[in-house]
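Every chain is numbered from 1, with letters handed out A, B, ... down the list of sequences. Computed from a predicted model, the values in this text were never measured in an experiment.
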2 protein chains.
Amino acid sequence: MNIDEVGEKLVSGLQERSSGSGPKAAHEVLAVVFQIRQDRLCVLVWRRGRPPCEGLWALPGGRLGAAEGLGESIRRQLAQKVDVRDLSHLEQLETRGDPDRDPFGRTLATAYLGLVPAGIDPVVPVDTEWRPVPELPPMAFDHAAMVGSARRRLRAKLSYTNIGFALAPPEFTMSELSRYYRAALGHDVAATNLRRVLLRRGQIEETGQSVPSGRSGGRPAALFRFRARSLEITDAFAVLRPPSG
Amino acid sequence: MNIDEVGEKLVSGLQERSSGSGPKAAHEVLAVVFQIRQDRLCVLVWRRGRPPCEGLWALPGGRLGAAEGLGESIRRQLAQKVDVRDLSHLEQLETRGDPDRDPFGRTLATAYLGLVPAGIDPVVPVDTEWRPVPELPPMAFDHAAMVGSARRRLRAKLSYTNIGFALAPPEFTMSELSRYYRAALGHDVAATNLRRVLLRRGQIEETGQSVPSGRSGGRPAALFRFRARSLEITDAFAVLRPPSG
DNA sequence: TCTAGTTTTCGTCTGATAGGCAAAAACTCG
DNA sequence: CGAGTTTTTGCCTATCAGACGAAAACTAGA
């Protein structure tokens with residue numbers, strides 16, 4: 001490309017920009033809300049009762065309000081499905097805007113990742129269920145892809161952040177926590193290693209209390225809690241970090 | 001919240017959804033394009049010649065076309081500022097939608113992170129410049145925040161992915177590469193350690209050739225290249241990884 | 001040609017971290 | 001009090017990052 005071509009394209013670009021009446025599209029916000037239930041990673045979905053995609057399962061969410069911010073909107077929409085006070089974490093995930101992602105008109109969608117700690121059972125509407133992620137039901141639109149993105153994001157952040165705080169209840173034993181990690185990561189996590197890693201990173205601490213272990217006896221398990229309840233990056237993972245001096 | 005309240009909220013949610021005539025907002029795509037020039041991390045910006053934000057600097061981008069995908073659109077928009085064939089990497093960054101982010105009407109913006117390898121000098125329009133990120137000029141709208149997000153994303157990915165391939169030219173010496181990393185990370189990176197780290201991770205390999213070093217002699221530097229030219233995650237950083245067995 | 005200077009490369013050391021494994025601790029139940 | 005169960009602790013190894021200095025390989029000048 002030579003400079004003249006660039007100049008022409010620039011002019012047309014400015015004209016388009018200043019014309020001011022570009023196309024407007026509907027925008028919706030959706031949430032992939034995970035909770036670990038019975039040692040399985042589950043996602044909150046609801047069954048669509050009318051077209052389009054009738055009978056398929058969809059993520060909670062809906063149209064962005066006229067004067068709403070994105071985060072504001074997803075909290076309002078989620079309140080229709082769960083008590084948002086149960087949400088331990090919420091972050092923006094991705095925006096999808098394929099022209100044909102919604103057969104009934106151009107719709108952009110911004111997806112969020114939400115987490116609810118294990119151990120509680122929020123009231124949900126009759127059309128809404130927690131479904132295990134490995135056996136996802138037939139999903140509407142591109143919602144299955146969003147669940148996949150959310151799962152990858154969660155897996156990655158379990159490695160280099162303290163996001164476990166949002167999966168676990170306020171207090172937990174190490175064997176419980178290792179089961180949460182196993183469900184979210186999809187593979188075994190030894191409780192003994194997890195304990196050492198998270199303690200060394202300063203993510204968790206002992207509460208000083210303990211609870212009797214399972215039905216058939218065993219040493220009482222110490223209770224732990226996460227030191228922080230908001231997202232922090234483990235800087236041990238910032239490789240190529242600044243020189244120590 | 002009890003079950004009845006949930007039910008009511010659900011109904012109102014369905015009505016809102018099926019009403020079909022939600023508010024429509026303008027949507028634009030923007031790109032934070034970085035290139036390392038003279039050992040400094042620079043961002044591609046252009047100076048606005050008319051209101052709003054006249055005289056301030058803005059990220060390249062513009063309105064989403066009626067039948068365009070988001071990635072498709074940002075490539076089209078960027079073509080007005082640079083030769084998109086120079087782009088070595090492009091990924092979605094975040095979507096901002098504060099109701100008052102654009103004083104002239106509700107506009108959502110999806111930002112992308114783009115990278116151009118060092119060593120080339122793309123032709124840009126007269127109103128467009130590469131500006132060093134540490135001395136960012138006064139930016140329009142929330143574009144300064146987007147540059148900040150992009151910089152954090154780049155810094156993080158330099159640690160746990162091979163994204164260096166998008167900053168460096170096809171072949172480079174280790175001292176050159178360490179200067180690219182220093183510019184992007186903001187702190188010194190020892191060439192000797194960088195070499196070992198990237199070789200061990202399998203990200204780079206020797207080309208077999210070497211070039212005479214600087215003006216005043218010195219041992220000739222070996223030339224390296226990145227083995228892959230698309231984003232790969234360094235699994236050494238997947239802590240809590242599956243058991244070795 | 002030899003020497004001084006410069007730059008890159010290589011080898012070694014240290015410290016931090018992850019993961020595996022087995023022994024010890026602490027409890028329940030019979 | 002002993003057997004069984006579960007958690008906790010300690011030890012070992014392997015891997016990795018970072019620092020440092022010595023060696024290698026070149027240029028320029030005497």
Separation of B:N193 atom CG from C:dG15 atom P, in whole Å? 16 Å

Can you confirm whether A:Q38 is buried at CD, in the sense that more than 12 heavy atoms of other residues, nucleotides or ligands lie under 6.0 Å from that atom? no

Is the phosphate of D:dT15 approached by B:R200 (side-chain N or O, under 4.0 Å from OP1 or OP2)? no

Find the distance A:L199:CG to C:dA16:P and express it as a whole number of Å. 17 Å

Below 3.5 Å between N/O atoms, which protein atoms pair up with nucleotides 6-9 of chain D? Just atom names and distances, please.
from, atom 1, to, atom 2, distance (Å)
D:dT6, O2, A:R219, N, 3.0
D:dT7, OP1, A:S175, OG, 2.6
D:dT8, OP1, A:A222, N, 2.4
D:dT9, OP2, A:R195, NE, 3.4
D:dT9, OP2, A:R195, NH2, 2.2
D:dT9, O4, A:T192, OG1, 3.4

Would you say C:dA18 has OP1 or OP2 under 4.0 Å from some side-chain N or O of A:R201? yes

Do B:R155 and B:L158 come close enough that some side-chain heavy atom pair is under 4.5 Å? no

Residues 109-119 of chain A, side-chain donor-acceptor partners within the protein, below 3.5 Å, at least two apart:
from, atom 1, to, atom 2, distance (Å)
A:T110, OG1, A:H27, NE2, 2.9
A:T110, OG1, A:T95, OG1, 3.0
A:Y112, OH, A:G71, N, 3.4

Strictly distance-based, threshold 3.5 Å: is any side-chain N or O of B:R227 a donor or acceptor partner for the main-chain N or O of B:E205? no

Apply salt bridge (charged side-chain N to carboxylate O under 4.0 Å, His left out) to the pair B:K157 and B:E91, showing each step before the final yes or no. CA-CA 12 Å; B:K157 288 213 165 178; B:E91 69 176 49; 3.1 Å; yes

Nearest whole Å is fine: how far is D:dA19 C1' from B:L194 CG? 15 Å

Is the distance between the ring centroids of A:F172 and A:F226 less than 6.0 Å? yes

Please evaluate the base of D:dG10 for a donor-acceptor partner in the side chain of A:R196 within a cut-off of under 3.5 Å? no

